[in-house]
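Heads up: the structure comes next, in structure tokens.
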Amino acid sequence: MTTSLHNGWIIPEWTLSDRLRKAREVAGLTQSEIADRLELTRRTVGSYESGERAPKRTTIAAWAMATAVPVTWLETGTAPSPDGDGAAVVRHQGLEPRTR
């Protein structure tokens with residue numbers, strides 16, 4: 001984690017590795033547990049969380065699913081807006097009743 005100064009305030013700037021670790025910790029998972037879920041080694045998880053290696057986008061997406069955080073937040077540190085940020089709503093056919 002690095003910091004920057006903005007109008008006299010110290011603002012923490014979390015890196016991707018910081019966000020991966022935070023997401024895992026908030027989800028209540030150990031490095032070994034998330035490694036098992038993502039079919040990675042614990043050492044690989046540790047290298048992502050320490051910033052030694054950068055995960056592929058598919059790994060970031062799987063990490064997001066395993067920890068129930070938005071992919072956007074893991075990638076950028078920005079949370080999606082409540083209105084969906086203009087993104088299209090995805091409906092999974094068969095899970096919701098059809099509308100007329």
Side-chain angles (χ1 to χ4, degrees):
M1 179 178 67
T2 61
T3 58
S4 67
L5 214 58
H6 181 70
N7 292 335
W9 293 93
I10 296 175
I11 310 285
E13 295 175 7
W14 288 356
T15 63
L16 171 60
S17 58
D18 294 325
R19 291 187 298 274
L20 291 171
R21 181 182 49 79
K22 279 293 191 189
R24 177 185 57 77
E25 290 173 347
V26 170
L29 300 171
T30 65
Q31 285 186 339
S32 295
E33 289 169 332
I34 198 159
D36 288 344
R37 289 185 186 193
L38 302 182
E39 298 182 354
L40 302 169
T41 65
R42 200 230 34 93
R43 185 175 182 161
T44 299
V45 168
S47 69
Y48 292 157
E49 291 186 0
S50 69
E52 292 174 29
R53 290 180 53 193
K56 294 180 181 177
R57 190 163 200 286
T58 54
T59 302
I60 294 171
W63 198 295
M65 287 176 47
T67 59
V69 300
V71 173
T72 305
W73 182 77
L74 282 178
E75 291 179 324
T76 67
T78 304
S81 67
D83 65 2
D85 224 9
V89 175
V90 177
R91 294 184 183 267
H92 300 281
Q93 192 173 18
L95 297 178
E96 296 181 9
R98 292 182 182 251
T99 56
R100 296 181 190 205

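The structure displayed is predicted, hence computed values, not measured ones. Position 1 is the first residue of the sequence, and the numbers go up from there.
Closest heavy-atom contact between Ile60 and Pro55: CG1-CG, 3.7 Å. Nearest heavy atoms, Thr78 versus Thr72: O-CG2, 3.5 Å. The shortest heavy-atom contact between Leu20 and Trp63 is O-NE1, 3.1 Å. Minimum interatomic distance between Leu16 and Leu74 (heavy atoms only, all atoms of both residues): CD1-O, 3.0 Å.
Residues Leu29 and Arg37 have side chains in contact (heavy-atom distance under 4.5 Å, counting atoms from C-beta outward).
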Give the intermediate values and the outcome of side-chain contact (heavy atoms from CB on, under 4.5 Å) for residues Arg57 and Val71. CA-CA 9 Å; Arg57 190 163 200 286; Val71 173; 4.1 Å; yes

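Under the 3.5 Å distance criterion, with hydrogens and angles disregarded, a donor-acceptor pair is assigned to the side chains of Thr15 and Ser17.
Of the residues listed (Arg21, Arg43, Arg24), the one engaging Glu49 in a salt bridge (Lys or Arg N to Asp or Glu O under 4.0 Å) is Arg24, and it is the only one. Considering Asp36, Thr41, Leu40 in turn, Leu40 is the only one that fulfils the side chain to side chain contact (heavy atoms under 4.5 Å, CB included) rule with Leu38.
Here the CD-OG1 distance, from Glu25 to Thr30, works out to 11.0 Å after rounding to the nearest 0.5 Å.
The backbone N or O of Trp14 lies less than 3.5 Å from a partner atom in the side chain of Arg19, making a donor-acceptor pair. Of the possible donor and acceptor atoms, none in the side chain of Thr76 sits under 3.5 Å from a partner among the backbone N and O of Trp73.
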